[in-house]
Chemist: 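Dropping a structure here in structure tokens format, bear with me for questions.
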Amino acid sequence: MSLLDGLGKAITSGAVEIVDLTAPLSSSTPILQLPEPFANTIPFRLEEISRYDERGPRWYWNDIHTGEHTGTHLDVPVHWVSGKDGHDVSQVPLKTLVAPAVVLDFSARAAEDPDFLLSIDDVRAWTAEHGPLPDGGWLLYRTGWDARSADQEEFLNADETGSHSPGVSPECARWLAEETPITGLGVETVGTDAGQAPALEPMFPCHELLLGAGKHGLTQLRNLASLPPTGTLLVVSPLPIVGGSGSPARVLALVER
């Protein structure tokens, strides 16, 4: 039996489970809110073209209106000024889109402190227990924040000082960008950076450092609680938008059960 035949049979039998990590995309999908004077993306919207009527008697279809960075989406280097000479979303290496992934679960820490920042020591403690980060793979950072994703106000968790959601410390972001072999970071929050990232140095360190190093980001993931710490194969399917800085994506995890 070939490897692909074996994989197909394992999926059919349930020995390999497909877990959908994608948030449904609709007009109620939470979107990032930047403060003035910065411009913001639009909410997702369907615009009906025809639906079995005089505009098209036997077919239903829509135009879609959305930003590249809406819902579960992929960030690529050209999204940030530090990566402006890097690749766009149509040029992402295929080995990045189908790659191993590990899950670092810090949901208990984030439940105690919504501004929790992942540190180098946190990651090193995890690798001491579970093994190294995957070469060319993904670090998926579980905070439990997906439980809030049905409500924009709760998801953004903002007050007069800005948004409060967990993220990664600047030191850890630099270390992940420069000293680890991962291709990218995946999170459950609205963006790869913490809610208070505008006050960090550098601002938005995951964007600045990871994208500047030619790496990638995945945001608004769900169901990371269903994945083991190691042994996941991630499948990321963005639209190959020529010149695009990112794209909404369907993200699937293959897990051996």
Side-chain angles (χ1 to χ4, degrees), residues 1-25 29 71-76 89 92-111 118 122-150 155 166-168 176 180-192 206 210 215-239 246-257:
M1 183 185 300
S2 73
L3 286 174
L4 290 180
D5 283 342
L7 176 60
K9 290 182 183 301
I11 291 172
T12 299
S13 70
V16 170
E17 181 184 2
I18 303 174
V19 181
D20 195 349
L21 307 184
T22 317
L25 189 57
T29 296
T72 303
H73 66 269
L74 178 68
D75 292 346
V76 298
V89 74
V92 178
L94 296 183
K95 63 183 180 181
T96 285
L97 300 179
V98 182
V102 296
V103 180
L104 280 64
D105 186 349
F106 286 88
S107 55
R109 299 280 293 277
L118 187 72
D122 291 326
V123 182
R124 283 179 170 157
W126 185 93
T127 59
E129 179 179 357
H130 297 286
L133 299 178
D135 191 356
W138 290 87
L139 187 164
L140 305 181
Y141 173 30
R142 180 173 180 248
T143 57
W145 214 254
D146 58 336
R148 300 168 173 254
S149 62
F155 196 59
V168 178
L176 292 173
T180 71
I182 62 170
T183 191
L185 169 72
V187 300
E188 297 168 322
T189 45
V190 73
T192 54
C206 288
L210 285 160
K215 297 186 177 184
H216 308 85
L218 279 173
T219 76
Q220 294 196 48
L221 298 175
R222 289 187 173 187
N223 300 322
L224 295 187
S226 300
L227 306 183
T230 63
T232 292
L233 182 66
L234 201 68
V235 181
V236 183
S237 299
L239 298 172
S247 169
R250 192 74 179 259
V251 183
L252 306 175
L254 302 184
V255 183
E256 193 170 356
R257 297 302 190 190

Chemist: Once rounded to the nearest 0.5 Å, what's the spacing between atom CG of N223 and atom OG1 of T22?
Modeler: 9.0 Å

Chemist: Do side-chain atoms of E188 reach the backbone of R142 as a donor and acceptor pair under 3.5 angstrom?
Modeler: no

Chemist: Given side chains that start at C-beta, do those of V251 and L218 come closer than 4.5 Å, heavy atoms only?
Modeler: yes

Chemist: Any ion pair linking D20 and R222 (charged N to carboxylate O, less than 4.0 Å)?
Modeler: no

Chemist: Parallel, tilted or perpendicular: which one describes the rings of W138 and H216, with boundaries at 30° and 60°?
Modeler: tilted

Chemist: Within this structure, what is the CH2-OG1 distance for the pair W126 and T230, rounded to the nearest 0.5 Å?
Modeler: 6.0 Å

Chemist: Compare every heavy atom of P166 with every heavy atom of A110, then report the nearest pair and how far apart it is.
Modeler: CB-CG, 4.0 Å

Chemist: Please lay out, stage by stage, how L254 and E17 fare under the test side chain to side chain contact (heavy atoms under 4.5 Å, CB included).
Modeler: CA-CA 6 Å; L254 302 184; E17 181 184 2; over 6 Å; no

Chemist: Working note: K215 + L185, criterion side chain to side chain contact (heavy atoms under 4.5 Å, CB included); need CA distance, chi angles, decisive distance, verdict.
Modeler: CA-CA 8 Å; K215 297 186 177 184; L185 169 72; over 6 Å; no

Chemist: Minimum heavy-atom separation for A23 and T72, please, with both atom names.
Modeler: N-OG1, 2.8 Å

Chemist: Less than 4.5 Å apart, any side-chain heavy atom of V187 and any of T143?
Modeler: no

Chemist: Distance from L133 atom CG to R124 atom CZ, nearest 0.5 Å?
Modeler: 11.0 Å

Chemist: Can you tell me how far apart OG1 (T189) and CZ (R148) are? Round to the nearest 0.5 Å.
Modeler: 11.0 Å

Chemist: Which atom names give the shortest non-hydrogen contact between S226 and V19, and what distance separates them?
Modeler: CB-CG1, 4.2 Å

Chemist: Roughly how far, to the nearest 0.5 Å, is the CD1 atom of I11 from the CD1 atom of I18?
Modeler: 4.5 Å

Chemist: My understanding is that only residues two or more places apart in sequence, or in another chain, count here; which of them pass salt bridge (Lys or Arg N to Asp or Glu O under 4.0 Å) with E256?
Modeler: none

Chemist: Indicate the atoms forming the closest heavy-atom contact of P228 with V255, along with that distance.
Modeler: CD-CG1, 3.6 Å

Chemist: Looking only at non-hydrogen atoms, find the nearest pair between F155 and W145 and report the distance.
Modeler: O-NE1, 2.8 Å

Chemist: To the nearest 0.5 Å, tell me how far L234 CG sits from L227 CG.
Modeler: 8.5 Å

Chemist: In sequence, state the C-alpha distance, the side-chain angles, and the governing distance for L221 and D146, and then conclude on side chain to side chain contact (heavy atoms under 4.5 Å, CB included).
Modeler: CA-CA 7 Å; L221 298 175; D146 58 336; over 6 Å; no

Chemist: For L239 and V89, work out which heavy atoms get closest and say how close.
Modeler: O-CG1, 3.6 Å

Chemist: Going through the checks in order, is the side chain to side chain contact (heavy atoms under 4.5 Å, CB included) test met by V123 and L104?
Modeler: CA-CA 8 Å; V123 182; L104 280 64; 4.1 Å; yes

